[in-house]
A.B. asks: 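Below you will find the structure I want to go over with you.
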Amino acid sequence: MSDTDKVFAGSIPKLYDEHLVPMIFAFYANDIARRIAPLSPSALLEIAAGTGAVTRAVAAALPPGIRYVATDLNEPMLAVAAKRQADDDRITWRQADALALPFREAEFDVVCCQFGAMFFPDRAKGYSEAKRVLKGGGTFLFNVWDRIEENVFAHDVTTALGKVFPDDPPRFMARTPHGYFDQAIIRADLKRAGFGDVAIETLAATSRAATPELVALAYCQGTPLRGEIEARSGGDLQAATDAAADALRARHGPGPVEAKIQALVITARL
């Protein structure tokens, strides 16, 4: 993973929240909320909260009186999340590194993380931190994207950019968001962290957007893929975005467009 893969700054958080959240993240955020509600946590920690898609969904599903701490490594993402969230005295926003959580042992009933584990430099260490802050009998619930071929828009954009930059194709999407899908590796990482009770479910859904141009904008300019494009020799961001839109339009039509997305949902219990 490149150091730039974790950089969500500048205009990225706003584009991410406006376009990618409804396009690919909202469905899985609601799924996380549906799984957490029956656990009835009194104290909940969210890691890699991003712009708050899961926070909003989970908060709406839980009763008054709980403690909810939402964290992210990137302050700009948390700023968008806090602005989007209605006033809620249950929620505390805090910048935090998943590999060095600033919390006591056995502090939370549930730890959740939506599409963040792929960005951990040391996944077993991140999972160990989640385990450390969980109470006995607690649950660690997270999801990761399946292989890029099962996520059609991401694959289409990556393929299109490979033609724009044939000598040095931007591979952020395949390398990081869609680079951690091997269930045997995930189970082994969790086992190294001390989790013995692990369940993994494959969950497919449909991604939708009003136009292929919005899909291209979301992926090329609303993710760290943007930095990869801009770093290429002669890398014109808008020209690359337009090329991705052309490829999406050729495959899916002028819009509205839809395509398959697929993730793995992992439940690890103490």
A.B. asks: Just checking Asp197: does its CG atom have more than 12 heavy atoms from other residues, nucleotides or ligands closer to it than 6.0 angstrom?
C.D. replies: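 Counting neighbours around CG of Asp197, more than 12 heavy atoms of other residues, nucleotides or ligands fall under 6.0 Å, so yes.
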
A.B. asks: Do Thr55 and Gln85 pass the side-chain hydrogen bond (donor to acceptor under 3.5 Å, both in side chains) test, and can you show the C-alpha distance, the side-chain angles, and the key distance before you say yes or no?
C.D. replies: CA-CA 8 Å; Thr55 318; Gln85 183 73 42; 5.5 Å; no

A.B. asks: According to the interplanar angle, ranging from 0 to 90°, do the rings of His252 and Phe153 count as parallel (below 30°), tilted (30 to 60°) or perpendicular (above 60°)?
C.D. replies: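 Correct class here is perpendicular.
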
A.B. asks: Kindly indicate whether the side chain of Tyr219, heavy atoms from C-beta on, has any atom under 4.5 Å from the side chain of Met23.
C.D. replies: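 Yes. Closest side-chain heavy atoms under 4.5 Å.
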
A.B. asks: What do you reckon, is CZ of Arg147 surrounded by more than 12 foreign heavy atoms closer than 6.0 Å?
C.D. replies: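 At most 12 heavy atoms, drawn from other residues, nucleotides or ligands, come within 6.0 Å of this atom.
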
A.B. asks: Would you call Arg56 and Asp17 a salt bridge, taking side-chain N to carboxylate O under 4.0 Å as the test?
C.D. replies: yes

A.B. asks: Does the plane of the ring in Phe115 sit parallel, tilted or perpendicular to the ring in Trp145? Use 30° and 60° as the thresholds.
C.D. replies: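 Rings of Phe115 and Trp145: parallel, as their planes differ by under 30°.
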
A.B. asks: Are Leu214 and Leu225 linked, directly or through other ILVMFWY residues, by side chains that come within less than 4.5 angstrom of each other?
C.D. replies: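 Looking at the clustering, Leu225 is in a separate group from Leu214.
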
A.B. asks: Over 60° means perpendicular and under 30° means parallel, so classify the ring planes of Phe103 and Phe108, tilted if in between.
C.D. replies: perpendicular

A.B. asks: Mind telling me whether Phe172 and Phe119 have parallel, tilted or perpendicular rings, with 30° and 60° as the class edges?
C.D. replies: tilted

A.B. asks: Evaluate the side-chain proximity of Leu270 to Phe195: yes if any heavy-atom separation is below 4.5 Å, no if none is.
C.D. replies: yes

A.B. asks: Could you tell me if the side chain of Lys125 sits less than 4.5 Å from the side chain of Phe120, heavy atoms only?
C.D. replies: no

A.B. asks: According to a hydrophobic-cluster definition based on side-chain heavy atoms being under 4.5 Å apart (Ile, Leu, Val, Met, Phe, Trp, Tyr only), do Tyr16 and Ile32 belong together?
C.D. replies: yes

A.B. asks: Rounded to the nearest 0.5 Å, how far does OG1 of Thr206 lie from CD1 of Ile24?
C.D. replies: 13.0 Å

A.B. asks: So, for Pro170 and Leu161, which heavy atoms are closest and what is the spacing to 0.1 Å?
C.D. replies: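 Heavy-atom minimum between the residues: CD-O, 3.9 Å.
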
A.B. asks: Give a yes or no on whether Tyr28 and Ile186 share a hydrophobic cluster (residues Ile, Leu, Val, Met, Phe, Trp, Tyr; joining criterion: side-chain heavy atoms under 4.5 Å apart).
C.D. replies: yes

A.B. asks: Identify whether the distance between the nearest side-chain nitrogen and carboxylate oxygen of Arg171 and Glu228 falls below 4.0 Å.
C.D. replies: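 Answer for the salt bridge query: no.
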
A.B. asks: Say you draw a straight line from CD1 of Ile36 to CZ of Arg34; how long is it, rounded to the nearest 0.5 Å?
C.D. replies: 11.0 Å

